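The structure appears below as structure tokens.
All figures in this text were calculated on a predicted structure; none of them were measured in a lab. In this chain, numbering begins with 1 at the start of the sequence shown.
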Amino acid sequence: MAFRDYLLSSTISDTLDVWELKDLGHQTAQRIVQASDPLQSMQELNQNFPSVVSSLSRMKLNDSVKDEIIANQRMIPPGKSLMALNGALINIEDIDLYLLIDLVHQELSLADQFSKLKLPRSTIRKLLSTMTPPESDTFRVDFRSDHVHYLNNLEEDAMYRRWRSNINDILMPVFPGQLRYIRKNLFHAVYVLDPATVSGLQSIDMITSFYENSFPMRFGVILYSTQFIKKIEQSGGELHSSEHDGELEDDKSSLIIRLFIYIKENHGIQSAFQFLSNINRLRTESADSTDEALEMHHIEGACVETLLPKAKSPPQEILLKLEKEQSFKELSQESSLFVFKLGVSKLQCCLLMNGLVFDSSEDALINAMNDELPRIQEQVYYGQINSHTNVLDKFLTENGVSRYNPQIIAGGKVKPRFVSLASPVLGGESVLNEINYLHSPGTVDDVKPVTHLLAVDVTSRKGIKLLREAIRYLIQGSKNARVGVLFTAGQDANLSNILLVKTFEITAASYSHKKKVLEFLDQVCSFYEHNYILRSPAAAESTQAFINKVYELAEANELPSKTYKSSLSEAYNLKLIEHLDKVAQYLYRQFGIASGVNAVITNGRITSLDAGVFLGDDLHLLESVEFNHRIKHIVEIVEEVSWHGIDPDMLTSKYVSDIIMLISSSMATRDRSAESARFEILNAQYSAVILNNENSSIHIDAVVDPLSPSGQKLSSLLRVLAKYVHPSMRIVLNPMSSPVDLPLKNYYRYVIPTMEDFSSTDYTVNGPKAFFANMPLSKTLTMNLDVPEPWLVEPVIAVHDLDNILLENLGDIRTLQAVFELEALVLTGHCAEKDRDPPRGLQLILGTKNTPHLVDTIVMANLGYWQMKVSPGVWYLQLAPGRSSELYLFRDGGDDGNQEKSLSKRITINDLRGKVVHLEVVKRKGKEQEKLLISSDDDKHSKEKGHNGWNSNLLKWASGFIGGSEKSKKSSDSSVDHGKGGRHGKTINIFSIASGHLYERFLKIMILSVLKNTNRPVKFWFIKNYLSPQFKDVIPHMAHEYGFDYELVTYKWPTWLHKQTEKQRIIWAYKILFLDVIFPISLEKVIFVDADQVVRADMGELYDMDIKGRPLAYTPFCDNNKDMDGYRFWRQGFWREHLRGRPYHISALYVVDLVKFRETAAGDNLRVFYESLSKDPNSLANLDQDLPNYAQHTVPIFSLPQEWLWCESWCGNATKSRAKTIDLCNNPMTKEPKLQGARRIVSEWTDLDFEARKFTAKILGDELENPDPLPSPLSSSPETSSNDQSTDDLESKAEL
């Protein structure tokens, strides 16, 4: 800090006049830019802002700085902060040091790989800064063929003649939901369906209904037989007509298709669709079809019904003739084969909207139309579509793919898996270097950006099938791709397998340039498949026959057979077998491809071929997807490289193809945002910090408001990067113009781990720390932490109250120390169920292999969110025993339907950034209609509450599995206990929350008052987040001395829930928002008691009270103190209207029936109300009280008898003698301090306070300041009683 700033900082002003604030942001930017070390200057200014603001506001402003900032703010909003690393934007809200270091490390390791590939530094920077084009989701399946049966044609049919044909009408504004009736085929809704399935027939009914209502869309169907397609798949994707003649007689789908074609040809398409509708009508009307299955007589009846009015000969005869003669059989089979080749048969029944793939439901049709509309409008607007354009031809020609494969076109659901090929190659791994590639005829010398590596098991039929498809794919022609084969063989590899591999390798190495090489390989594979794979080993041809066939085919395809003769005649080759084993190990180690699995690796993208058939068209699809999305922009950069230090003879097309393959695979593995921003358009002459470093491969672009909370964090992070990574930086300053108040009112330090090497010193070296100097003495300060989202941090040493720091009261030392500890990490996630709402109330447990249940939670309805506390290690997540695991299983993409695997999920916590886990669950077979949450009232088998209902399994909660201080002394269930100190009966569970030394003092008094009035065991639950280290030190001793149990619980505020900024309001929120998830599932009931309450009755009476099946029970506000009538806001205005005669309750004491609370999803409802109300700063003034009262129409409240809560302000002294608890709520009239009021109102308070302070002093080894039982201030703070009013924290001021 400059000396002048230091002098001025001694007088800290809370407020500056508005005219002094006017240019504060611009003055700050000028001070930073003109400093010798701008980043250090920015950090010092915004982290000590209250101390330097006076000095800043007196600084003379340079107009050029101000003008440039104003000019930039025409392009970016004032105060907006952005940051990008090598062009990719980073979310400033989520950023922390660990994330940033990971991103930087990722870029540096890529740069290192690229430099080893001899790429020039300028090219490396260009590659790292290039942004992947956004993945196109507009892949259209090109379904144009004669197999599409269109029901209508908007351009030609008479029923549409009166519609307008002007295509520009599509640009006219209409009301939401209104349709545009234009006589042009703009939307082609073609359904691909099996007409013998329920879903297929229902789709036909839907199409017919839309058509009859003149929906402006062209409808069509492509029909297929599921049975026939299964047969094609079994035969490896080939149609052998002779095999199927007799087998398909019972195939209902094929029969319907043949009848459909016959009726269409003879009686028109309307009758054909009518036939399909009749089938469905007969099926649904049929009395015996309880299972909804289609019977043969439905088809025959529908056919007769359709043909009867039209046919000249009796329809029964026509039907018999068609059934017997198998006429139209070829057309029917071709239609199914066409669907198989399109790849959409796996989707059962789907909609192709102008080629885009959708679900077949009615909603999907409307959504598909609404998605397509803006694309058509855009092209009409720009003149690319006019009245003569065939829209379908245009779209399918531009974006059409001949095959759809959900494995390749993920559509955002499943992320493709990428592996870098560069690291093994650079590490000297020879397998990839030894591959000889095959090319399309005549393209051997061209650079091939796309490389398909096939992992082929030569002993399997699927492997040979994949090999043949790849050869045919090359024969069809591909300019951009080459194919390399990695052969493996199972355990039972024989000589014929070896010979095939050898033939292949000789051919690829020596003759890949020959014209007919691909035909030769295809013929060899075909011979091998038919004679060695499809036959049993005993019946297989001899190996000599194979060798002879190779010679024969080589000669036929103009390849010299001499080479084959010399190589193949050698006997069993051990070297080759070793090589096959080496390849298999390499594939498993590098790509995770197990032995016997066939796969395609396309520039690092792994497509495993476990299920289904993989065709050459799939390779075309892979090529186009990968080339357009990941490879094209890399090719453009590599083509411009001027190579240095490389032998010109080495620069072959193969070398460049290899470089492109290695670069694109490495870049695909990096995990970064796809969003970018054009920082270069912002001026950076007078108001920017520019650090150039030509040699660095890291470039940081940032726009920062230096006087903002994000600016405080960013300035520290940028400084760390500048110091240790030396990147080039361009930081444009973007302060708010003319702030109306001080933009920052806090002191801030960003703590980073120390980089010094302590290996030579002892272990007593202090860890990283934040140091605040020159702080104001007379201001009350509060210490808060800004930690990464997954961290749970707590203070472990803090002598003074961190909520109320007044340095001038700390004596001569005037220093304060606090030590914080990272107690645990938070594992969060979202749980979904396909096509349904999140499974709210689903119980999850987490533990290790040996102890499967350490922590538990339930899934919220809000985004299916769940959260658990963990430490680094390997954990297993499971569905809790009971209803959750009876109804559900985890759905895992790689599970192959194995249900055992689906019962648990392994989660590894291996860094300090926590983890977000996305779970998908599915209902077990036969349980699809059952509900997870069964109300205990509805549960007929419930003999005893909680024994057989939803919460039947009373699971134990092992708290404190990370921190020892919160070790539970006893299980939290509510069975009969024989507790400490002769306590017996059912345990009473009491929950409270306190923050600051004053309220912890009140909390101890509350504990004593509860214990002195009951003989039953008591367990206290405290929210850990806000307790001081002293309290956590004292409470175990107090529990031992007075014979009670306790547990410390915590819950991290979810990121998606609107967060409160004031600490007091956060504490209020914790009282009500997380009741369903903060306690273990086994806890059935809990009573909340305010810290400043004194109990005079046995709380067991309240614990056992019947609250009539309501989740919550509160006491209504008293109304017998007439002096307070003017303050009873709930009797007028909004509250009176909203409550509609219901009482307004006080939140100082309430009972929660947790079983009912979870069953009725009360927590989810309260969070929904909170989210909608809390964004308005004027609503929920008393958050913990207003929220349940506002929501009581949805979350009903049982009103407790009045004597359960008495407070002087509202109740008056007449009813005090009957009070069972006394609350020290504030009096808005007198505003009397709490300590003073406590002594006056509650006769036993003084003795209880003395007892608690005496015990605390004994444990902490402090002297008791006033040994007489007169009230004294906080035991740990040497203040006098005149300070009591100042020690009252925010809670006492805000509470009613």
Side-chain angles (χ1 to χ4, degrees), residues 983 987-1024 1026-1028 1030-1032 1034-1039 1041-1049 1067-1068 1070-1071 1086-1103 1114-1115 1146-1152 1184 1200 1203-1208 1219-1226 1234-1235 1237-1256 1269 1271-1272 1274-1275 1287-1289 1291-1292 1295:
R983 296 182 177 276
T987 302
I988 304 166
N989 289 284
I990 289 177
F991 153 55
S992 196
I993 185 168
S995 174
H997 287 189
L998 173 69
Y999 271 78
E1000 287 174 356
R1001 178 178 172 182
F1002 282 134
L1003 186 58
K1004 290 172 198 160
I1005 294 161
M1006 186 270 282
I1007 292 169
L1008 292 178
S1009 71
V1010 169
L1011 295 169
K1012 287 178 188 294
N1013 286 292
T1014 186
N1015 288 320
R1016 280 166 61 169
V1018 182
K1019 180 164 186 178
F1020 289 97
W1021 301 80
F1022 304 119
I1023 291 193
K1024 192 178 188 179
Y1026 301 103
L1027 294 176
S1028 70
Q1030 275 98 323
F1031 185 86
K1032 283 184 275 197
V1034 169
I1035 198 70
H1037 299 283
M1038 199 170 174
E1041 178 77 19
Y1042 289 98
F1044 64 87
D1045 283 332
Y1046 76 94
E1047 194 161 319
L1048 307 181
V1049 290
I1067 290 170
W1068 282 344
Y1070 271 103
K1071 275 172 69 171
V1086 73
I1087 301 174
F1088 176 84
V1089 184
D1090 244 355
D1092 60 349
Q1093 218 161 319
V1094 177
V1095 175
R1096 286 185 161 181
D1098 185 348
M1099 289 303 270
E1101 188 188 332
L1102 180 59
Y1103 197 78
Y1114 285 77
T1115 312
I1146 188 166
S1147 66
L1149 173 87
Y1150 54 89
V1151 184
V1152 189
D1184 59 321
L1200 295 170
E1203 66 263 20
W1204 274 106
L1205 197 139
W1206 182 92
C1207 86
E1208 186 186 63
K1220 295 187 175 179
T1221 69
I1222 294 178
D1223 187 58
L1224 301 174
C1225 51
N1226 275 341
K1234 284 223 169 170
L1235 285 174
R1239 295 183 202 113
R1240 183 179 58 72
I1241 297 165
V1242 189
S1243 53
E1244 65 268 36
W1245 193 89
T1246 308
D1247 294 331
L1248 291 169
D1249 180 46
F1250 177 70
E1251 187 179 340
R1253 286 191 304 112
K1254 187 176 171 188
F1255 182 80
T1256 304
S1272 160
L1274 298 174
S1275 55
T1287 11
D1288 271 14
D1289 70 4
E1291 182 165 332
S1292 63
E1295 196 183 294

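Nearest heavy-atom pair, F1020 versus M1006, reported as atom, atom and distance to 0.1 Å: CE2-SD, 4.3 Å.
Using a 4.5 Å heavy-atom threshold, the side chains of I988 and V1010 count as separate. Between L1205 and I1146 there is a side-chain heavy-atom pair separated by less than 4.5 Å.
When each of V1086, T1014, N989 is tested with Y1103 by the rule side chain to side chain contact (heavy atoms under 4.5 Å, CB included), just one qualifies, namely N989.
Ring-plane geometry between Y1026 and Y1070 is classed as perpendicular, the angle between the planes exceeding 60 degrees on a 0 to 90 degree scale with a lower cut at 30. The aromatic rings of F1022 and F1031 sit perpendicular, their planes meeting at an angle over 60°, well past the 30° parallel limit.
Here the side chain of N1013 pairs a donor or acceptor atom with the backbone of V1095 at under 3.5 angstrom. For E1000 (side chain) and S1028 (main-chain N/O), a donor-acceptor pair under 3.5 Å exists by modelled atom type. When atom types are taken as modelled, the side chain of T1115 and the backbone of L1200 share no donor-acceptor pair closer than 3.5 angstrom.
A salt bridge is defined here as a Lys NZ or Arg NE, NH1 or NH2 lying under 4.0 Å from an Asp or Glu carboxylate O, and D1090 with K1071 meets this definition.
Applying the salt bridge (Lys or Arg N to Asp or Glu O under 4.0 Å) test to E1101 and every residue at least two apart in sequence or in another chain returns K1220. Every residue two or more places apart in sequence or in another chain that forms a salt bridge (Lys or Arg N to Asp or Glu O under 4.0 Å) with R1096 is listed here: E1244.
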